[in-house]
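Okay, structure first, notes after.
Computed over heavy atoms, backbone and side chain alike; hydrogens, waters and symmetry mates excluded. Predicted model only: the values in this text are computed from it and were never measured.
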Amino acid sequence: MAEALLQIGEPGQTRPKRACRTRAVGIDLGTTNSLVAVVDGGKPVCLADEHGDPIVPSVVHYAADGAVAVGADARDRLAPQFPRDTVASVKRFMGRGPKDAEATRRLTPYQFAPGDGTVVRFAVAGGRAVTSMEVSAEILKVLKARAEGELGGPLAGAVITVPAYFDDGQRQATRDAGRLAGLEVLRLLNEPTAAAVAYGLDKQAEGTFAVFDLGGGTFDVSILKLEDGVFEVKSTGGDSALGGDDFDRAIAELLLRKLREAAPHDRPIAALAAANAAVTDLPTARRWRQVLDAARAMKEALTFRADAAADLVTDDGPVTVGLTRTEMELAVQPVLARCAPPVRQALADAGVDAEALSGVILVGGATRMPLVQQFVEKLFGRAPLGDIDPDQVVALGAALQADALAGGSTEGDMLLLDVVPLSLGLETMGGVVEKLVHRNTTVPCGATQTFTTFADKQTGFDLHVVQGERELADQCRSLARFTLKGIPPMPAGMARLEVTFTVDANGLLRVAAREETTGRETAVEVKPSYGLTDQEVERMLLDSFAHAEEDVQARQLTEQRIEADRIAAAARAAMADTPELLTGDDRRAIDAALAQLGAVRAGDDHQAIRRAVEGLDEASKAFAARRMNVAFERGLRGRDVGAVEAKADETAAGKRHAGHQHERGH
């Protein structure tokens with residue numbers, strides 16, 4: 001339907017619409033709050049509602065009649081009464097399954113519906129079961145409608161921000177939510193990078209900055225270098241199961257202890273204070289929502305005051321509970337302390353000392369707390385920069401990137417160089433991981449490597465794609481498995497499989513495999529099941545450092561055992577194939593070397609296995625030379641010597657050209 005040329009409204013209620021051209025927007029899809037922003041007159045601005053509020057609380061209520069409410073009304077009016085039908089902090093469930101620790105964490109009021117076991121499904125009113133992507137899509141629909149109303153037409157697309165530590169599954173889930181909302185997702189942009197874009201372009205800053213992003217549900221830290229419009233991420237780290245929600249829970253548990261003393265006969269409060277499990281009944285769920293809301297309100301009040309109080313309804317009557325800032329800070333201190341190790345690791349990965357930073361940028365509503373600001377100042381040795389609203393800075397940066405991608409006023413003004421948060425590789429023979437794309441590699445990126453067969457007459461390759469920093473596949477996260485079939489049977493080591501990893505600007509992985517002798521190929525866009533806990537991502541990285549030495553030893557042991565099996569099998573096959581070339585001394589020496597290799601192969605000393613392999617090689621050297629001479633004589637019979645020399649020169653030149661390719665048995 002065409003838009004009316006004239007619109008009539010009451011005085012003071014009309015708002016001028018921006019120029020009616022198709023534009024892209026930036027969206028901060030947050031755990032607690034979400035925002036949408038657009039570039040207007042070369043400057044990014046967050047779009048507000050009719051009351052002038054740019055923030056949309058990330059809370060969605062599902063009514064029994066099928067109606068859906070999003071935002072402040074869902075949070076303030078409906079959540080206390082219908083805690084199980086009102087989903088908040090859904091971002092913590094993105095890309096995760098019902099068996100994940102986050103999905104079943106204690107004091108959770110939600111009921112989870114049965115499904116295929118790969119994705120969280122919330123059981124809500126009306127007998128419906130909704131996924132985390134569908135809940136997020138409802139929030140995105142509200143933001144999309146706000147933007148279209150402000151801009152007077154459809155959108156060209158959107159850049160949606162995600163935590164830097166979101167893995168492939170969580171990024172795919174976010175993209176799916178955008179599609180469900182009817183948005184063309186131009187790019188998924190890491191939140192710290194978006195904040196740096198907003199700060200860098202607004203302040204015309206240059207140098208190396210740390211972005212400390214503590215939001216409602218996730219914590220990210222990134223070290224970025226800003227120079228001549230180029231935003232290069234040097235390293236990233238964090239914990240995407242850590243945020244303001246955890247502060248709220250810690251404060252709520254403190255309130256519960258006080259309530260249990262003030263109202264000892266309140267059964268739901270007693271159950272909450274005693275249980276370390278999910279909330280099981282509606283009265284307890286309602287009571288928990290009341291306490292949690294009070295904790296959040298008191299946290300916000302204590303940001304500006306020294307003490308605060310809340311009136312709570314209990315079975316024993318109304319109870320007023322007071323809290324001082326000191327009490328609150330003692331309660332949340334253990335949660336905040338979890339931010340320190342990722343910060344130190346990010347600085348080490350970037351090769352930057354805290355003293356060398358040009359500044360520290362604060363992002364996320366939780367950074368408004370005086371305790372957090374003091375913590376950051378102590379951690380980095382300098383006062384943080386907080387002159388851009390930490391609630392809006394991510395959306396503003398996303399808007400600048402969206403405008404650039406859509407060919408707007410900021411096109412050409414900046415270049416973003418983000419990184420891969422965790423290494424990507426393939427499982428090879430013996431369960432060893434061969435990493436193709438390493439952690440903190442700039443995206444978009446790609447890597448190609450050549451593999452070969454381990455067994456004779458192998459007719460296919462089973463490819464197992466993994467993510468993580470450990471040396472063995474069973475200690476990393478499995479991303480995908482697929483098979484390349486139809487390879488003609490050849491001796492071990494003859495087939496050539498070229499595997500290519502490609503990571504796009506969104507951090508999403510595509511794997512292609514091609515067997516060079518036959519031309520057969522296959523490819524897969526890696527889309528892991530949504531059942532990943534992102535705590536696992538942080539654990540992977542920490543484990544990689546904690547177990548680095550033993551991982552290397554385990555890898556060396558595995559590789560030496562594989563080499564031992566290969567050379568022993570080759571020696572036995574050669575002895576069976578040409579027994580006439582064996583002398584008695586040869587046979588005795590080789591048999592003794594094989595026995596020694598078999599004895600040490602079962603042990604844990606990779607150096608002993610290597611020495612035994614070298615011993616077998618030395619024992620079989622004379623026999624191998626005779627076999628080579630016989631094969632050479634057979635190959636030269638009836639052939640021109642000049643042609644053979646020319647072919648040898650051509651082969652040597654080809655090997656020098658391909659010398660950079662690395663082969664490993666698979």
Side-chain angles (χ1 to χ4, degrees), residues 1 13 27 29-36 47-51 53 55-94 96 98 103-104 107-116 118-150 154-155 173-174 176-183 216-217 245 268 278-294 296 313 530:
M1 181 181 293
Q13 292 186 354
I27 293 177
L29 183 61
T31 305
T32 306
N33 298 307
S34 297
L35 302 94
V36 58
L47 303 179
D49 61 13
E50 62 273 15
H51 305 297
D53 188 357
I55 289 177
V56 175
S58 301
V59 183
V60 181
H61 171 74
Y62 293 88
D65 61 1
V68 178
V70 178
D73 187 52
R75 179 193 63 190
D76 300 335
R77 183 176 64 87
L78 297 169
Q81 188 176 359
F82 306 101
R84 288 182 171 172
D85 305 321
T86 308
V87 183
S89 299
V90 70
K91 188 173 179 177
R92 286 199 154 186
F93 296 92
M94 293 290 279
R96 297 175 177 178
T104 55
L107 302 178
T108 298
Y110 309 122
Q111 286 185 311
F112 298 104
D116 57 7
T118 62
V119 61
V120 172
R121 298 178 187 275
F122 301 95
V124 295
R128 285 178 294 172
V130 294
T131 65
S132 56
M133 290 81 74
E134 290 173 298
V135 177
S136 295
E138 296 294 344
I139 301 168
L140 291 171
K141 287 176 185 177
V142 171
L143 298 172
K144 175 174 178 277
R146 175 180 293 184
E148 289 177 339
E150 281 287 309
L155 303 179
T174 303
D176 288 347
R179 283 197 288 261
L180 287 172
L183 287 166
D245 282 2
V279 177
T280 56
D281 60 273
L282 187 57
T284 305
R286 285 175 174 164
R287 193 60 53 80
W288 171 242
R289 175 66 70 181
Q290 177 192 216
V291 173
L292 193 61
D293 289 345
R296 183 177 296 115
V313 178
Y530 290 132

Discussion item. If we ignore hydrogens and angles and just use 3.5 Å, is the side chain of Q111 paired with the main-chain N or O of R84 as donor and acceptor?
Written reply: no

All heavy atoms of L47 vs all of R146, minimum pair found to be O-NH1, 3.1 Å

Taken to the nearest 0.5 Å, the spacing of S58 OG from L143 CG works out to 8.0 Å

The reported gap from OG1 in T86 to CZ in F122 (rounded to nearest 0.5 angstrom) is 12.0 Å

Taking every heavy atom of L29 against every heavy atom of S136, the minimum-distance pair comes out as CD2-CB, 4.2 Å

On a heavy-atom basis, the closest approach of A137 and A181 is O-CB, 3.6 Å

Item to complete: Check for a donor-acceptor pair, side chain of E148 on one end and backbone N or O of A145 on the other, with a separation under 3.5 Å.
Response: no

Looking only at heavy atoms, the pair that brings A129 and R121 closest together is CB-CB, 4.3 Å

Handout entry: side-chain contact (heavy atoms from CB on, under 4.5 Å) evaluation trace for R286 with R289
Key = CA-CA 5 Å; R286 285 175 174 164; R289 175 66 70 181; 5.7 Å; no

Heavy atoms of L183 and K144 approach each other most closely as CD2-CD, 3.6 Å

Would you tabulate the side-chain donor-acceptor contacts of residues 68-80 under 3.5 Å, counting partners in other chains and residues two or more places apart, or write 'none'?
| from | atom 1 | to | atom 2 | distance (Å) |
| --- | --- | --- | --- | --- |
| D73 | OD1 | R77 | NE | 2.8 |
| D73 | OD2 | R77 | NH2 | 2.9 |

Of all heavy-atom pairs linking A125 and D85, the shortest is N-OD1, 3.0 Å

Separation between CZ (R287) and CG (L292), nearest 0.5 Å, reads 14.0 Å

Inset, instruction - Measure the acute angle between the ring planes of F93 and Y110, then classify it against the limits of 30° and 60° as parallel, tilted or perpendicular. - result: perpendicular

d(N33 CG, I55 CD1) to nearest 0.5 Å is 5.0 Å

CZ (R92) and CG (D245) are apart, to the nearest 0.5 Å, by 5.0 Å

The ring-ring contact (aromatic ring centres under 6.0 Å, His included) partners of Y62 (sequence neighbours excluded) come to none

